[in-house]
Amino acid sequence: MNTISVIGSGTMGNGIAHVFAQYGYHVCLIDVNQAALDKALVTISKNLDRQVAKGTLTEYDKQDTLSRIQSFNSLKEGVKNADLVIEAATENLEVKLDLFRQLDELCPKNTILATNTSSISITKIGSVTKRPDKVIGMHFMNPVPVMKLVEVIKGYATSKETTELVMEISSNLEKIPVEVNDYPGFVANRILMPMINEAIYTLFEGVAGIAEIDTVMKLGMAHPMGPLQLADFIGLDVCLSIMRVLHDGFGNPKYAPCPLLVNMVEAGFKGVKTGEGFYVYTSGSKDLKVSARFK
C-alpha cells in the first residue's frame, strides 16, 4: 500500500492528503478545479508551517511531505496507479454513486475504494461497483491533521480483509480507527447531529439565545465548542444533509430537521464557509459575534 488517491481538494480532502503524505505515502490529489487544487496546496503548506513552528516537524519534513503530493485534474490519470482511493467530494448521494461507478472502471482491480462520507450508506455506494467487498467508509474528523479518530464503516458486503487493512492503514497515520456498521449516520453523526438539531430547535422555540445555549453546553457538559458554533464550523448545509439522511433512513420524525435550519441553508447562511450562520465570521478576527439576525 503505497499510492493513495484523494478525490476532492476542499477542507477534508487537503487534510487527508496532508496526513498521508506526512506519513510517507505518495498522494495523488485530484480535483477538476485547478484553482481549488492550488488553494489546497497552499493550505497544506501553511498547516505544515504550523507544525514546524510547534516543533513537531522540521523544515526538511515539511518539504519532504510536499514532495510526495502530486495534483491532477484528470480522474483517470489520478487513480490509475492507486492502491487506495479516498473520495472526499460533496456530500451528495448521486454525485458519489456516479463517481464510484467511474472509479470501478478506472482503478486497478485490487484498489480499495473508500469514501469520507459522514452519513451516506456504504452499502449503497458499494452496490454500484463490481467490487463491493473493497468499498468501505473512512470518516476522518476535521481538522484531519489534528483529530485522532477515523470512523471505519463496513458496508454489508465489505470484506473482513478490506476492513482489517483499512484499520491498519489508519493506525499507520497515528490515528485511532473505530470499526462501526453501516446504518444512517454511523455512530458520530447519529449522535452528534440530533444534538445540534435539538440546539437549533431550542433557539427556534425561544428557550434561550445562541450564546446562552452554547455556554450551557460548554460549561455544563465540558464541550470544547457549543453546538451552534460547531454547526457553523461543520457547515449548516452539511448538517441539514445529514439530518435528511437520518430522517429518510429511519423514517422517524425525531430526526426531522428544524425549520430554522432549513431556512438558513436556503437563504445561504451556512456558517463559517459563507461568513455568517448563527455567528458572524470576519477574516482575521477570532472574536465570536452572534449574528444580528438573532438579536
**Q** Answer with yes or no whether the hydrophobic clustering places Val79 together with Phe20; edges join I, L, V, M, F, W, Y residues whose side-chain heavy atoms lie under 4.5 Å apart.
**A**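 They do not share one cluster, since no chain of ILVMFWY contacts under 4.5 Å joins Val79 to Phe20.
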**Q** Please step through side chain to side chain contact (heavy atoms under 4.5 Å, CB included) for the pair Ile7 and Leu103, ending with a clear verdict.
**A** CA-CA 10 Å; Ile7 301 172; Leu103 290 172; 3.6 Å; yes
**Q** Is there a path of hydrophobic side-chain contacts, each under 4.5 Å between heavy atoms of I/L/V/M/F/W/Y residues, joining Phe100 to Leu84?
**A**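 They do not share one cluster, since no chain of ILVMFWY contacts under 4.5 Å joins Leu84 to Phe100.
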**Q** So do the side chains of Glu91 and Thr117 get within less than 4.5 Å of each other, counting heavy atoms only?
**A**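 Yes, their side chains come closer than 4.5 Å.
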**Q** Pick from Ile86, Val19, Leu149: which one makes a side chain to side chain contact (heavy atoms under 4.5 Å, CB included) with Phe140?
**A**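 Answer to the side chain to side chain contact (heavy atoms under 4.5 Å, CB included) test with Phe140 among Ile86, Val19, Leu149: Ile86.
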**Q** Side-chain contact, heavy-atom cut-off 4.5 Å: Cys28 with Ile4?
**A**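 SC-SC contact between Cys28 and Ile4 ruled out.
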**Q** Which value, rounded to the nearest 0.5 Å, describes the distance between Glu77 atom CD and Gln70 atom CD?
**A**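 Rounded to the nearest 0.5 Å, the CD-CD separation comes to 9.5 Å.
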**Q** Please step through side-chain hydrogen bond (donor to acceptor under 3.5 Å, both in side chains) for the pair Tyr25 and Asp83, ending with a clear verdict.
**A** CA-CA 11 Å; Tyr25 294 89; Asp83 298 306; over 6 Å; no
**Q** With a 3.5 Å distance limit and no angle check, can you tell me whether Lys39 reaches the backbone of Ser9 through a side-chain donor-acceptor pair?
**A**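 It does not hold such a pair.
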**Q** Ignoring hydrogens, what is the shortest heavy-atom contact between Ala208 and Ile213? Give both atom names and the distance.
**A**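 For Ala208 versus Ile213, the nearest heavy atoms are O-CD1, 3.6 Å.
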**Q** For atom NZ of Lys218, decide whether the heavy atoms of other residues, nucleotides or ligands shown that lie under 6.0 angstrom number more than 12.
**A**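 Buried by this count: over 12 neighbours within 6.0 Å.
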**Q** Please examine the side chains of Asp214 and Met217, heavy atoms only from C-beta on, and report whether any two atoms are closer than 4.5 Å.
**A**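 They are not in contact (no side-chain heavy atoms under 4.5 Å apart), so the answer is no.
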**Q** Is there a donor-acceptor pair under 3.5 Å between the side chain of Lys96 and the backbone N or O of Thr90?
**A**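 Judged by distance alone, yes, a pair lies under 3.5 Å.
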**Q** Does Ser171 use its side chain to pair, donor to acceptor, with the backbone of Met167 at less than 3.5 Å?
**A**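 A pair under 3.5 Å: yes.
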**Q** Shortest non-hydrogen contact from Ala82 to Ser5?
**A**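 Of all heavy-atom pairs spanning Ala82 and Ser5, the closest is CB-OG, 3.4 Å.
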**Q** Should we count OH of Tyr156 as having more than 12 external heavy atoms under 6.0 Å?
**A**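 Atom OH in Tyr156 is not packed in, count stays at 12 or less.
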**Q** Within the structure provided, determine whether Arg68 and Val27 are in side-chain contact (heavy-atom separation under 4.5 Å).
**A**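 Heavy-atom side-chain distance check fails, nothing below 4.5 Å.
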**Q** Kindly say whether Lys130 contributes a backbone atom to a donor-acceptor pair with the side chain of Asp104 at under 3.5 angstrom?
**A**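 Judged by distance alone, yes, a pair lies under 3.5 Å.
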**Q** Would you say the side chain of Val180 lies within less than 4.5 Å of the side chain of His139, judging by non-hydrogen atoms?
**A**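 No; the side chains remain at least 4.5 Å from each other.
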**Q** At their closest point, which heavy atom of Leu246 faces which heavy atom of Pro184, and how far apart are they?
**A**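 Closest approach of Leu246 to Pro184, heavy atoms only: CD2-O, 3.3 Å.
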**Q** Distance check, rounded to the nearest 0.5 Å: Glu151 atom CD versus Met141 atom CE?
**A**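 Answer rounded to 0.5 Å: 5.0 Å.
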**Q** Only one of Asp31, Val32, Leu37, Ile30 forms a side chain to side chain contact (heavy atoms under 4.5 Å, CB included) with Asn73, so which one is it?
**A**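 Only one option passes, and that is Leu37.
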**Q** Is there a donor-acceptor pair under 3.5 Å between the side chain of Asp61 and the backbone N or O of Thr58?
**A**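 Yes; at least one donor-acceptor contact below 3.5 Å.
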**Q** Less than 4.5 Å apart, any side-chain heavy atom of Leu192 and any of Ile234?
**A**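 The answer is yes, as the side chains (C-beta and beyond) meet within the 4.5 Å cut-off.
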**Q** Side chains of Met193 and Ser118: does their closest heavy-atom pair fall under 4.5 Å?
**A**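 The answer is no; the side chains never approach within 4.5 Å.
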**Q** Ignoring hydrogens and angles, tell me if any N or O in the side chain of Ser241 forms a donor-acceptor pair with the backbone of Val238 under 3.5 Å.
**A**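 Not at all, since once roles are kept as given, no pair shorter than 3.5 Å links the two residues.
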**Q** Does Glu212 form a side chain to side chain contact (heavy atoms under 4.5 Å, CB included) with Thr215? I'd like the steps, not just the answer.
**A** CA-CA 5 Å; Glu212 289 76 12; Thr215 298; 5.7 Å; no
**Q** Quick check for you: to the nearest 0.5 Å, what is the distance between Tyr23 atom OH and Asn172 atom CG?
**A**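 Reported value, rounded in 0.5 Å steps: 10.0 Å.
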**Q** If you count the non-hydrogen atoms of other residues, nucleotides and ligands that lie under 6.0 Å from NZ in Lys295, is the total more than 12?
**A**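 Counting other residues, nucleotides and ligands, NZ of Lys295 exceeds 12 neighbours.
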**Q** State whether the number of non-hydrogen atoms from other residues, nucleotides or ligands found under 6.0 Å of Tyr183 atom OH is greater than 12.
**A**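 Open: at most 12 neighbouring heavy atoms sit under 6.0 Å from OH of Tyr183.
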**Q** Kindly list each side-chain donor-acceptor pair under 3.5 angstrom involving residues 247-268, sequence neighbours excluded, with atom names and distances?
**A**
from, atom 1, to, atom 2, distance (Å)
Asn252, OD1, Lys254, N, 3.0

**Q** Among the clusters formed by ILVMFWY side chains lying less than 4.5 Å apart, do Ile136 and Ile153 turn up in the same one?
**A**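 The answer is no; the residues belong to distinct hydrophobic clusters.
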**Q** Any donor and acceptor pair, going by atom type alone, linking the side chain of Asn142 with main-chain N or O of Thr11 inside 3.5 Å?
**A**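 Pair absent, no side-chain N/O of Asn142 close to backbone of Thr11.
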**Q** Tell me, with the steps shown, if Asp182 and Thr123 meet side-chain hydrogen bond (donor to acceptor under 3.5 Å, both in side chains).
**A** CA-CA 7 Å; Asp182 184 25; Thr123 302; 2.7 Å; yes
**Q** Is there a side chain to side chain contact (heavy atoms under 4.5 Å, CB included) between His18 and Gln51 once you walk through the steps?
**A** CA-CA 12 Å; His18 170 157; Gln51 291 176 276; 2.8 Å; yes
**Q** Does any N or O in the side chain of Glu205 come within less than 3.5 Å of the main-chain N or O of Val207, such that one atom is a donor and the other an acceptor?
**A**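 It does not hold such a pair.
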**Q** Are side-chain N/O atoms of Gln22 and Thr65 paired as donor and acceptor at under 3.5 Å?
**A**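 Distance-only check fails for Gln22 and Thr65.
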**Q** Looking at Pro194 and Met243, what are the two nearest heavy atoms and their distance?
**A**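 Scanning both residues, the minimum pair turns out to be N-SD, 4.0 Å.
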**Q** Quick one: pull up CD1 in Ile112 and OG1 in Thr162 and give me the separation to the nearest 0.5 Å.
**A**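 Separation between the atoms: 5.0 Å.
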**Q** Could you pull out the closest heavy-atom pair between Asn14 and Ala40, with the gap in Å?
**A**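 For Asn14 versus Ala40, the nearest heavy atoms are CB-CB, 3.8 Å.
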**Q** Could you measure the distance from the CD1 atom of Ile122 to the OG atom of Ser127? Nearest 0.5 Å is fine.
**A**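 Answer rounded to 0.5 Å: 11.5 Å.
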**Q** Please check if Leu288 and Leu228 belong to a single hydrophobic cluster, counting links between Ile, Leu, Val, Met, Phe, Trp and Tyr side chain heavy atoms closer than 4.5 Å.
**A**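 Yes, because Leu288 and Leu228 connect within a single hydrophobic cluster, where side-chain heavy atoms sit under 4.5 Å apart.
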**Q** Are the side chains of Ile120 and Thr115 in contact, using a 4.5 Å heavy-atom criterion?
**A**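 With C-beta onward as the side chain, the pair stays apart.
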**Q** Restricting to non-hydrogen atoms, name the atom on Leu236 and the atom on Gly271 that form the minimum distance, rounded to 0.1 Å.
**A**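 For Leu236 and Gly271, the tightest heavy-atom pair comes out as CG-N, 4.3 Å.
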**Q** Should Ile191 and Ile196 be counted in the same cluster of Ile, Leu, Val, Met, Phe, Trp and Tyr side chains packed under 4.5 Å apart?
**A**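 Each belongs to a different hydrophobic cluster.
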**Q** About how many Å separate CG of Leu99 and CG of Asn92, when rounded to the nearest 0.5 Å?
**A**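 Between Asn92 CG and Leu99 CG, I get 11.0 Å after rounding to 0.5 Å.
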**Q** Would you find a donor on one side and an acceptor on the other, under 3.5 Å apart, between the side chain of Asp133 and the backbone of Ser159?
**A**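 Between the backbone of Ser159 and the side chain of Asp133 there is no qualifying donor-acceptor contact (under 3.5 Å).
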**Q** Start with the C-alpha gap between Asp49 and Lys62, add the side-chain angles, then the distance that decides, and say whether side chain to side chain contact (heavy atoms under 4.5 Å, CB included) holds.
**A** CA-CA 7 Å; Asp49 283 337; Lys62 173 194 168 181; 2.7 Å; yes
**Q** Salt bridge check: are Glu161 and Lys134 linked by an N-O gap of less than 4.0 Å?
**A**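 The answer is no: the pair does not qualify as a salt bridge.
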